[in-house]
4 protein chains.
Amino acid sequence: MSKSKETLMGSQVTSHVEDEALVERRRAQIVTAATELFAKKGFYRTTVKEIAKLAGVSPGLVYLYVREKEDVLLLVLLQVVEGYAAEIPKAIEGIDDPLLRLMKTVDAYCRVVDRLSAATVLAYRSTKSLSVERREIIQDRELETNEIVAEAIKGCMDAGLISRVNVDVLIYQLVLAAHGWALKSWYLRSRVSLDDYVAGCLENLLTGVMSDKGKGLFENTLQNLKEYTETEGADDV
Amino acid sequence: MSKSKETLMGSQVTSHVEDEALVERRRAQIVTAATELFAKKGFYRTTVKEIAKLAGVSPGLVYLYVREKEDVLLLVLLQVVEGYAAEIPKAIEGIDDPLLRLMKTVDAYCRVVDRLSAATVLAYRSTKSLSVERREIIQDRELETNEIVAEAIKGCMDAGLISRVNVDVLIYQLVLAAHGWALKSWYLRSRVSLDDYVAGCLENLLTGVMSDKGKGLFENTLQNLKEYTETEGADDV
Amino acid sequence: MSKSKETLMGSQVTSHVEDEALVERRRAQIVTAATELFAKKGFYRTTVKEIAKLAGVSPGLVYLYVREKEDVLLLVLLQVVEGYAAEIPKAIEGIDDPLLRLMKTVDAYCRVVDRLSAATVLAYRSTKSLSVERREIIQDRELETNEIVAEAIKGCMDAGLISRVNVDVLIYQLVLAAHGWALKSWYLRSRVSLDDYVAGCLENLLTGVMSDKGKGLFENTLQNLKEYTETEGADDV
Amino acid sequence: MSKSKETLMGSQVTSHVEDEALVERRRAQIVTAATELFAKKGFYRTTVKEIAKLAGVSPGLVYLYVREKEDVLLLVLLQVVEGYAAEIPKAIEGIDDPLLRLMKTVDAYCRVVDRLSAATVLAYRSTKSLSVERREIIQDRELETNEIVAEAIKGCMDAGLISRVNVDVLIYQLVLAAHGWALKSWYLRSRVSLDDYVAGCLENLLTGVMSDKGKGLFENTLQNLKEYTETEGADDV
DNA sequence: AATGAATGAGAATTCATTCAT
DNA sequence: GATGAATGAATTCTCATTCAT
């Protein structure tokens, strides 16, 4: 996790250009344009020419930084999953209370998904468009994110706040809750706010698995989460 | 729900051929072939020629039963969502106990998803490849399925088994649980059995929302579900 | 040698079209156009679009009868070498005198080369542009032609007309003499007639290898060849 | 023949660089790299970038010493034909016996061809890839080489060793014999040694054209040639 | 109704050449 | 003089769709 996002990206895709800083800059240009277009029209309906045009470069230039079109998709998807892997840890930094930490993890996950909504849907649509090797790169990154969720759950279990549970199932229920905000936004967004969605998911999923000890803390901690988030939100402004 | 599946399909896609029975037969041929190919290689990587070949017809024939390639995708996805909408009601037919009914709904949903796994993933990948109007047709059908889940939840609430809850959120958590079995099968399938997955999802999601009255019944009903399913499974043989 | 030229060609290159007669007709169209263009501008400077245009078909059609552009080159070169392999035997049919037979072989070879002059040069330019497997197909055909020359030489040796000789070297001297008429036509054509070229080559190459017995016949037979050719030429008119 | 090879090359292709010595050095670098690549992959399959890389320079630099890619081909082919024109005279220097001189000419020609085998084939493939003016430059050089052969033949005729003959035809038969060693090396090399090939060609081609006087000397002189060559070979060590 | 040959627009990719540094 | 990033025209090949038979 010590490598920067760019370096990670660079390690997967080869470029004909030497200057690493330039490679990062150009790739960022390309990825930004491609993300927008892929999200709007999908990978196959987007042409390299369109990407180049939106990125303000020539079509030929794209191929100086990428071997084939599919590499652009890989870079785009890497940015998404690495967005997850980067933002969530930042959000839970310094939080010691295991339950709040878990809640905050889910909360942060839902918020990144909200921010990268189109890209998240894109990831679901397009991961299978990648070659097997590239697909595995993405799945590996997704597992890293899951690991963060798993750690948060384990923290609660160690603290005796969560009792019995099939951890694998719970992880994916939480992950899917987060992803679901993007996947089903066409239905949810008009019916429930993100705040209520997060709270609802947490209540439904966590209440059931809490130990008696945990139950006592649940409502309170959920309240903390809300305040916490509001404060942070205010900071942004 | 009075119209047959075929008639529904027919109503969305126009054909140059008069004989309705023939239309149904040909479309079934085409859709079966297309589903297999789309699931394996995706919509864009599959050619009309390939579909025709696998269906044992000529490429030209496809266009007698469909206006464009995207219509084939629509028919394929319709079959998936209508698979959901048909099988779940069948599974809960005659069950009166509201909690068992809800559990059985989720259980049946997960099992259809398991059976149509590739097609379910396909639906996630490809719905956005449809034109807006076609996409809405699919989403409407998905809503019908959700309605079944919603009814089952409402049944429990009316019976006082479920207390407070954001129903929209709970619906989608249950739906995503079912879909998740296909979407994350690459991770889950090697770690947990379908039976355990269903049980786990139900425990995690429902325990939390049960009223005190409901809680008392939960374990028992879950046990009933398991027996129920086993018996049915045996019947099939 | 029982298969027709077209069948031979068909056996090397696969087509998406079933109807064999159609395949032959279309390929002939394509090859005729391609030969003209390749001869004029070379393989790489000729585009598939140009070939299609000259052949009076669409660019897409070309790919119904050929897998890639290089296949067109293969078909073109096959036609050249099979032109050799077909015309020479026809020219020596029914000739029993071994020496006349050898002379007539060389004479016929030079005349095909003269007729397919541009294509012969093309073969020299472009054989190395083929993939190894395709190149070998062409070389195999060339060996078949050489075999005809070899047989004619052997006939003379068996009849005691030619004495000592490294047959491999002599074969290629005769073959190169024929090819040379096309390869160096830029120089030769303005300085010597084809008839004189053939006679000159034969004199220079054969006199040296004749046995005493052969020498006695040489001038006479060469005279025969000239008359023979003239008569035939007259027949054509 | 007073101008140096470099100057000749320089006179055909313009450069943006002033310093003549530098021009020669850079061009030599480029031509060496290009020859290797053209011989291996052909002119069109070789990119300027590849040439530059193998030459250890930047792609941009190539264009300081050459106006376009085709100029590189011209320089490469010039080097080949000038290789012929330079080595053959060196080999016959000081030989007075006209017949030995002729034999030695052919022998030397075959040996340059053997040494520049790939480049000779390249010349056959690629001369037509040149623009007409450039092609004529190469053909002019080839004529110069032919002139050497012609002189040697004429020497024999003047000495009464060769009788009647169409000189133009004989020249090209000898030239093609030499070139043939490279052109048909795929067949010949495994069947006959270069020494035997040269001897065979000379026997076949010259015996036939010898006068009675010449015939008497032939075998002896051929023997001389072999010894001569062996000695020279030994000298090299 | 069915066929499958034909079309041609359009996509990815390459590479000779230029030019700012 | 040298570099190498950038350009964009040009090329091969694909495939949805049509239509004569």
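Worth knowing before you read on, the calculation uses all heavy atoms, side chains too, and leaves out hydrogens, waters and symmetry mates. Residue numbers begin at 1 in each chain, while the letters A, B, ... track the order of the sequences. Keep in mind that this is a model prediction, so the values were computed, not measured.
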Report task. Return no unless some side-chain N or O of A/S58 is found under 4.0 Å from OP1 or OP2 of F/dT7. Result ->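 Yes, such a contact exists.
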Query raised in the report: Charged N to carboxylate O below 4.0 Å: is that the case for B/K40 and B/E50?
Result: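 A salt bridge is absent here (no side-chain N lies under 4.0 Å from a carboxylate O).
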Query raised in the report: Would the number of heavy atoms belonging to other residues, nucleotides or ligands and lying under 6.0 Å from NZ of C/K49 be above 12?
Result: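 No.
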Query - Boundaries of the DNA chain E segment in contact with chain B, non-hydrogen, under 4.0 Å - result: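 Listed 5' to 3', the contact boundaries are E/dA1 to E/dG4.
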Requested in this report: Between A/L64 and C/L61, just flag the one whose closest nucleotide in DNA chain F comes earlier from the 5' side.
Outcome: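 Result: A/L64.
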Measure from the side-chain N and O atoms of [X] to the backbone N and O of [Y], and report whether any donor-acceptor pair falls under 3.5 Å.
X	Y	result
B/R125	A/Y124	no
B/Q79	B/V76	no
B/K128	A/L122	no
D/R67	D/V13	no
C/R135	C/L130	yes
D/E70	D/S131	yes

Query - Which nucleotides of DNA chain F pair, in dot-bracket form (Watson-Crick or G-U under 3.5 Å, | meaning another strand) - result: .||||||||||||||||||||
Query raised in the report: Which one of B/T32, B/L37, B/V31 satisfies the side chain to side chain contact (heavy atoms under 4.5 Å, CB included) criterion with B/T35?
Result: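 The option that passes is B/V31.
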Query - For A/S129 against B/R45, the heavy-atom pair lying closest together - result: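 Smallest heavy-atom distance, with atoms named: O-NH1, 2.9 Å.
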Find every protein N or O atom lying less than 3.5 Å from an N or O atom of nucleotides 9-13 of chain F, and list the pairs.
unit_1	atom_1	unit_2	atom_2	d
F/dT12	OP1	C/K69	NZ	2.9
F/dT12	OP2	C/V48	N	3.3
F/dC13	OP2	C/Y63	OH	2.7
F/dC13	OP2	C/K69	N	2.9

Report task. Select from C/G56 and B/V57 the residue whose nearest nucleotide in DNA chain E is closer to the 5' end of that strand. Result ->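 The residue mapped nearer the 5' terminus is B/V57.
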Query raised in the report: If you look at every strand shown and take non-hydrogen atoms under 4.0 Å, does A/E50 touch a base, only sugar-phosphate, or nothing?
Result: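 Result for A/E50 = nothing.
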